[in-house]
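All of these numbers come straight from a predicted model, not from anything done at the bench. What you see below is based on every heavy atom in this structure, not just the backbone, and it leaves out hydrogens, waters and symmetry mates.
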Amino acid sequence: MQGIIKSQSRSEKYFEEKCFITEIINTENFASFSLSKAKVSLGITTENHIVKDTDEVYYILSGEGEMEIDGKIVGMVNKDDVVFIPKNKNQRIKNTGSEDLIFICFCSPRFEVKNYSGV
């Protein structure tokens, strides 16, 4: 894969996890990782879930939140913070701020719905 992926080819979709996802790059032809933008609305806590065999990294763009991994609050997150979520760990994030919580999610290997499981 090479070149430019134009932003017009992307759309925001509501995901069962209780957040909005915009897939930036996620293709079988480039399976080593995927990149998406997530938005968690005011007062929402995402569903507790696991992404099987997939490491995740969150980069917080805006807002404030509380991150939980394996049933433990690991801390508060703010703009420019990075969160590492090891594969097969249950997780959720709560928007604790006064605006939408928006972050980039990097998954390795790429995110596939078949690997998503609610806890």
Side-chain angles (χ1 to χ4, degrees):
M1 167 182 270
Q2 66 182 27
I4 297 170
I5 301 170
K6 293 292 197 178
S7 63
Q8 295 88 340
S9 65
R10 298 183 207 119
S11 62
E12 183 179 76
K13 296 181 176 128
Y14 187 75
F15 190 63
E16 64 187 88
E17 185 181 325
K18 291 190 181 175
C19 64
F20 295 88
I21 301 290
T22 302
E23 291 282 359
I24 297 170
I25 184 168
N26 188 347
T27 177
E28 292 177 3
N29 298 330
F30 199 68
S32 60
F33 77 92
S34 64
L35 193 62
S36 63
K37 181 172 74 171
K39 179 175 75 177
V40 180
S41 299
L42 297 172
I44 297 295
T45 302
T46 60
E47 293 294 320
N48 203 11
H49 64 283
I50 291 173
V51 184
K52 182 181 172 200
D53 299 327
T54 305
D55 290 318
E56 292 184 86
V57 177
Y58 291 175
Y59 176 71
I60 309 301
L61 296 173
S62 62
E64 299 174 359
E66 180 181 78
M67 189 71 216
E68 181 180 320
I69 301 173
D70 259 358
K72 296 178 185 160
I73 304 299
V74 295
M76 302 301 291
V77 295
N78 296 286
K79 184 179 187 305
D80 292 330
D81 288 345
V82 175
V83 178
F84 175 69
I85 305 157
K87 59 186 162 195
N88 304 316
K89 297 289 184 180
N90 67 51
Q91 58 173 293
R92 62 182 167 186
I93 193 166
K94 178 180 182 178
N95 182 338
T96 60
S98 59
E99 62 181 323
D100 289 338
L101 174 61
I102 299 174
F103 54 94
I104 296 296
C105 181
F106 173 88
C107 293
S108 179
R110 78 183 183 95
F111 177 83
E112 294 186 72
V113 172
K114 70 180 184 179
N115 292 335
Y116 178 91
S117 175
V119 177

Looking only at heavy atoms, what is the nearest atom pair of [X] and [Y], with distance?
X	Y	result
Gly63	Leu101	C-CD1, 3.9 Å
Met76	Thr96	CE-OG1, 3.4 Å
Ser108	Ser32	OG-O, 3.2 Å

Is any side-chain heavy atom of [Y] closer than 4.5 Å to one of [X]?
X	Y	answer
Asn90	His49	no
Ser34	Cys107	yes
Glu56	Gln91	yes
Leu35	Ile104	yes
Phe111	Asn26	yes
Lys79	Leu61	no

Quiz prompt | Partners meeting side chain to side chain contact (heavy atoms under 4.5 Å, CB included) with Glu16 (sequence neighbours left out) | solution = Tyr116

Quiz item: Residues in side chain to side chain contact (heavy atoms under 4.5 Å, CB included) with Lys52, at least two apart?
Solution: Asn88, Asn115

Practice problem: Classify the ring geometry between Phe106 and Phe33 as parallel (under 30°), tilted (30 to 60°) or perpendicular (over 60°). | Solution: parallel

Quiz item: Quick one: salt bridge (Lys or Arg N to Asp or Glu O under 4.0 Å) pairs with a partner in residues 59-75, sequence neighbours left out?
Solution: Glu68-Arg92, Asp70-Lys89

Practice problem: Treat each ILVMFWY residue as a node, draw an edge where side-chain heavy atoms are under 4.5 Å apart, and state whether Ile24 and Val82 are in one component. | Solution: yes

Quiz item: Is Phe15 reachable from Ile102 through a run of hydrophobic residues whose side-chain heavy atoms are each under 4.5 Å from the next?
Solution: no

Quiz item: So, Asn95 side chain and Gly97 main chain: donor-acceptor pair closer than 3.5 Å or not?
Solution: yes

Practice problem: Please check if the side chain of Asp81 supplies one atom and the backbone of Asn78 the other of a donor-acceptor pair under 3.5 Å. | Solution: yes

Exercise. Please lay out, stage by stage, how Ile85 and Met67 fare under the test side-chain contact (heavy atoms from CB on, under 4.5 Å).
Key: CA-CA 10 Å; Ile85 305 157; Met67 189 71 216; 3.7 Å; yes

Practice problem: Not counting sequence neighbours, list each pair that qualifies as a ring pair (Phe, Tyr, Trp, His ring centres under 6.0 Å) and has a residue in residues 55-82. | Solution: Tyr58-Phe103

Quiz item: Could you give all pairs that pass the ring pair (Phe, Tyr, Trp, His ring centres under 6.0 Å) test and reach residues 62-93, with sequence neighbours left out?
Solution: none

Quiz item: How many angstroms lie between atom CD1 of Ile25 and atom CZ of Arg110, to the nearest 0.5 angstrom?
Solution: 10.5 Å

Listed pairs under 3.5 Å, donor-acceptor, residues 36-46 side chains, sequence neighbours left out:
from  : atom 1 : to    : atom 2 : distance (Å)
Thr46 : OG1    : Ile93 : N      : 2.9
Thr46 : OG1    : Ile93 : O      : 3.4

